[in-house]
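Following: one structure in structure tokens, then a few remarks.
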Amino acid sequence: MDLIARLRAGLPGEAILTDPDVTGSYANDMASFCEAGTPAVVVLPRTVEQVQHVMRTATELRVPVVPQGARTGLSGAANASDGCIVLSLVKMDRIIEINPVDRIAVVEPGVVNAVLSRAVNEHGLYYPPDPSSWEQCSIGGNIGTASGGLCCVKYGVTAEYVLGLDVVLADGRLLSCGRRTAKGVAGYDLTRLFVGSEGSLGIVVRAVLALRPEPPQQLALAAEFPSTAAACDAVCEIMARGHAPSLLELMDRTSVRAVNAMAQMGLPETTEALLLAAFDTPDPAADLAAVGALCTAAGATQVVPAETAAESDLLLQARRLTLTALERVKSATMIDDVCVPRSRLAEMLDGTAAIADKYDLTIGVVAHAGDGNTHPTVCFDAADPDESRRARESFDAIMALGLRLGGTITGEHGVGVLKKEWLARELGPVGLELQRGIKDVFDPLGILNPGKLF
């Protein structure tokens, strides 16, 4: 029995896509410079049992499986391989439970981040992880890449909110790991192992997520600086003084100008760095005043606190528009995701500017400055072979700089295809050997998302 016939034995007809024009549209995520193959079939299951059938079929026929969510990823982790089953989980989009007493939500992997966030808000609760693509990205994808977001500086990344998982293993068995309780230390933490594994160890089909009480409405400020170094000094001082902002973001001059060009937001184009800080404390105005004073002492030329939630939202919208705005600078972009210790942030930004000069490229930088996570975005003309080459070389130079500064090649986007060569450099031979050993335990046939990570 061939692959399609075997799949049809356990799936409804509408769950199986074989038209090459349609399946080709599932070949890749949003990353540049990442190889993508041609899938044999795309499957869109709606139940756990259907996912199990797919994995049993794949194991029996030795067919690779590439799990996908909303495909908003930026590392090629969701890219198809030739002849694979693309297992798209977007139809598994139920919020199964929201429990205000236990402060948990139980969801399927296709639930969109923003949909979950709004649903729990109706119960006076809060799901903090908020990637910039939160209106499109799925919880399963967030778990697969251990996504972060603008609020990480105070609330942490996705990994801090995944309490338990149901996972379909490569051979079709269903594993339940983790817990619903506030505490639990029974055995190895397999749940945390799946978070950030990019679908290489199993297929997440259900997640138990921790929730928090909904915080007060945050207020934000914007501070202009004559240099990125001065802005980074302010970041270090804010954190050293014990402040707990709900957001601490930095936009460089290139990013500010790109947002202005696209949205006419009136951001100050004379600035070299724009620092955005927000607090969701009981008295955010007082916290903003204290942080504003620290920004002024660090060299800020202007500090503008928002007085209303609407003004704050406008400032934060400028930050969320950055990637879209930079995509308009040239025909293509490569988005880096290097995280360094906060104390080395200025060196990272200045070093990136030097790399842009060396390769004669436009590189805009935004950063989750409060946790040292930078997103240099290389803008280039994809039709120009020389410029494309320089873009790739500059991307690698930025990752090398991050490692030299004691950082990591990815803070929240994942490894995928784009950075697997660099993962080996960061882990070292012993770490790489052990991680490959873990992969072999969960996926002895190597059919789960092959070619990613290692």
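Numbers here are sequence positions counted from 1.
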Lys91 atom NZ, over 12 foreign heavy atoms within 6.0 Å: no
CD (Glu97) with more than 12 external heavy atoms under 6.0 Å: yes
Donor-acceptor contact below 3.5 Å, side chain Asp102 vs main chain Ile104: no
Geometric class of the Phe279/His243 ring pair [parallel <30°, tilted 30-60°, perpendicular >60°]: perpendicular
Side-chain (Glu387) to main-chain (Asp381) donor-acceptor, under 3.5 angstrom: yes
Phe194 ring center within less than 6.0 Å of Phe442 ring center: yes
Gly178 backbone acceptor or donor facing Thr191 side chain under 3.5 Å: yes
Separation between CD1 of Ile363 and SG of Cys379, rounded to the nearest 0.5 Å: 8.5 Å
Phe33 ring center near Phe395 ring center (under 6.0 Å): no
Value rounded to 0.5 Å, distance of CG in Leu150 from CG in Asp130: 5.0 Å
Test log, rule side-chain hydrogen bond (donor to acceptor under 3.5 Å, both in side chains), inputs Glu198 and Thr145: CA-CA 6 Å; Glu198 302 183 26; Thr145 58; over 6 Å; no
Nearest-0.5 Å distance, SG of residue Cys137 to CZ of residue Arg71: 14.0 Å
Test item: Val157 and Pro129 side chains (from C-beta on) under 4.5 Å apart, heavy atoms: no
Student check: side-chain heavy atoms of Val162 and Arg192 closer than 4.5 Å: no
Separation of Asp396 CG from Leu401 CG (nearest 0.5 Å): 12.5 Å
Exercise answer: donor-acceptor pairs, residues 199-214 side-chain atoms, under 3.5 Å, sequence neighbours excluded:
unit_1	atom_1	unit_2	atom_2	d
Ser200	OG	Ser197	O	2.6
Arg212	NE	Tyr161	OH	3.1

Salt bridge (charged side-chain N to carboxylate O under 4.0 Å, His left out) assessment of Glu347 paired with Arg344: CA-CA 5 Å; Glu347 294 171 80; Arg344 311 298 296 274; 2.5 Å; yes
Thr296 side-chain N/O to Gly292 backbone N/O, donor-acceptor pair under 3.5 Å: yes
Test: Arg390 cationic atom under 6.0 Å from Phe380 six-membered ring centre, within 45° of axis: no
Side-chain donor/acceptor of Thr271 to backbone N/O of Ala273, under 3.5 Å: yes
Side chain to side chain contact (heavy atoms under 4.5 Å, CB included) partner of Leu221, the single match among Leu275, Asp287, Val303: Val303
Criterion side chain to side chain contact (heavy atoms under 4.5 Å, CB included) against Leu403, the qualifying member of Val338, Val340, Ile409: Ile409
Residue pair Arg118, Glu122: steps toward the salt bridge (charged side-chain N to carboxylate O under 4.0 Å, His left out) verdict: CA-CA 7 Å; Arg118 293 178 182 125; Glu122 294 178 4; over 6 Å; no
